[in-house]
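The next block holds one structure in the form of structure tokens; read it before the comments.
Note: hydrogens, waters and symmetry copies are ignored here, and every other heavy atom, side chains too, is used.
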Amino acid sequence: MNELLRHAGACHCGALRFEVEAPAEVEVSACNCSICGMTGFLHLIVPRARFHLHQGQAALAEYRFGTGVARHTFCRRCGIKAFYRPRSHPEGVSVNLRCLDRPHLPHGEAVVDFDGQHWEEAIEGLRARERG
């Protein structure tokens with residue numbers, strides 16, 4: 001059984017504080033699209049119900065580009081993008097693994113590349129991977 005654990009996280013300045021419920025062993029995606037490649041975002045995608053923003057709603061700013069579906073949020077104070085609503089999972093939240101208080105989850109993580117530069121072609125592979 002893959003029990004869910006609560007992992008705390010924050011932006012760099014601490015204005016945003018949140019928790020995410022995730023297993024001890026996770027798979028994260030390293031996307032090569034223009035924004036993820038520049039920021040080094042490691043995607044831990046969870047259903048919205050497993051993400052809890054405890055502090056900083058007023059500190060959030062939003063950025064959209066391309067199709068405008070993804071809602072990229074970042075801290076107005078320090079500029080860190082700790083989480084956002086991804087185009088691939090609009091019903092979920094993508095948390096940057098690097099923004100969790102522990103740099104690594106207790107049992108590690110697997111990093112899988114995602115070809116965000118060719119999003120339309122790559123999304124089917126991602127969905128197939130999630131289905132098992």
Side-chain angles (χ1 to χ4, degrees):
M1 185 170 154
N2 218 352
E3 176 186 358
L4 295 179
L5 304 173
R6 291 181 80 96
H7 306 281
C11 62
H12 189 262
C13 70
L16 305 176
R17 295 288 313 164
F18 60 90
E19 285 185 320
V20 61
E21 297 169 43
E25 294 182 23
V26 296
E27 182 176 286
V28 296
S29 297
C31 178
N32 67 355
C33 78
S34 57
I35 196 165
C36 294
M38 288 181 172
T39 61
F41 201 98
L42 288 178
H43 300 265
L44 172 59
I45 300 173
V46 298
R48 199 172 306 154
R50 291 183 13 208
F51 175 82
H52 313 281
L53 180 61
H54 295 301
Q55 173 183 308
Q57 183 67 41
L60 283 175
E62 185 177 290
Y63 174 67
R64 293 186 191 206
F65 68 98
T67 64
V69 175
R71 296 178 58 195
H72 299 272
T73 53
F74 59 94
C75 176
R76 292 179 192 274
R77 193 162 146 201
C78 66
I80 294 297
K81 181 175 143 185
F83 56 87
Y84 78 108
R85 185 169 308 154
R87 177 180 175 195
S88 63
H89 296 76
E91 73 292 344
V93 176
S94 182
V95 175
N96 189 346
L97 182 73
R98 292 181 165 126
C99 290
L100 295 181
D101 288 349
R102 288 176 259 164
H104 301 287
L105 296 173
H107 300 294
E109 67 278 341
V111 178
V112 176
D113 290 331
F114 176 76
D115 188 6
Q117 291 179 5
H118 302 97
W119 194 93
E120 299 297 334
E121 296 86 3
I123 191 63
E124 285 310 313
L126 175 66
R127 291 188 176 135
R129 198 173 173 76
E130 290 173 348
R131 288 189 297 267

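- Under the 30°/60° scheme for interplanar angles, the aromatic rings of Phe18 and Phe83 are found to stand perpendicular.
- Side-chain contact between His52 and Val20: absent, with no pair of heavy atoms (C-beta onward) separated by less than 4.5 Å.
- Around NE2 of His54, the count of heavy atoms belonging to other residues, nucleotides or ligands within 6.0 Å exceeds 12.
- To the nearest 0.5 angstrom, Tyr63 atom OH is 13.5 Å from Thr73 atom OG1.
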Name the atoms and distances for all side-chain donor-acceptor pairs under 3.5 Å in residues 36-44, with sequence neighbours left out.
{"unit_1": "Thr39", "atom_1": "OG1", "unit_2": "Ile35", "atom_2": "O", "d": "3.0"}
{"unit_1": "His43", "atom_1": "ND1", "unit_2": "Ser94", "atom_2": "OG", "d": "2.8"}

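- Residues Phe74 and Ile80 fail the side-chain proximity criterion, which asks for heavy atoms closer than 4.5 Å.
- Summarising the geometry of Ala10 relative to Ala82, their closest heavy-atom pair is O-CB, 4.3 Å, with the distance given to 0.1 Å.
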| request: Would you sort out whether Leu97 and Val95 count as a side chain to side chain contact (heavy atoms under 4.5 Å, CB included), showing the intermediate values? | output: CA-CA 6 Å; Leu97 182 73; Val95 175; over 6 Å; no
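- For the pair Leu53 and Gln55, the tightest heavy-atom approach, listed with the atom from each and the gap, is CD1-O, 3.3 Å.
- Shortest non-hydrogen contact noted between Ile45 and Ser88 is CD1-OG, 4.1 Å.
- Qualifying salt bridge (charged side-chain N to carboxylate O under 4.0 Å, His left out) partners for Glu62, counting only residues two or more places apart in sequence or in other chains: Arg64, Arg71.
- The ring-ring contact (aromatic ring centres under 6.0 Å, His included) search around His89 returns none, not counting sequence neighbours.
- Here the side chains of Leu100 and Arg98 are not in contact, with every heavy-atom distance at 4.5 Å or above.
- To the nearest 0.5 Å, atoms CG (Leu60) and SG (Cys11) are separated by 8.5 Å.
- Within the model, atoms SG of Cys78 and CG of Leu16 stand 6.5 Å from one another, a figure rounded to the nearest 0.5 Å.
- Looking at Cys13 and Cys75, their side chains come closer than 4.5 Å, going by heavy atoms from C-beta outward.
- A salt bridge (charged side-chain N to carboxylate O under 4.0 Å, His left out) check over residues 75-94, counting only residues at least two apart or in different chains, returns the pairs Arg87-Glu120.
- Listed by first then second residue, pairs satisfying salt bridge (charged side-chain N to carboxylate O under 4.0 Å, His left out) with a partner in residues 9-22 read Arg6-Glu19, Arg6-Glu21, Arg17-Asp101, not counting sequence neighbours.
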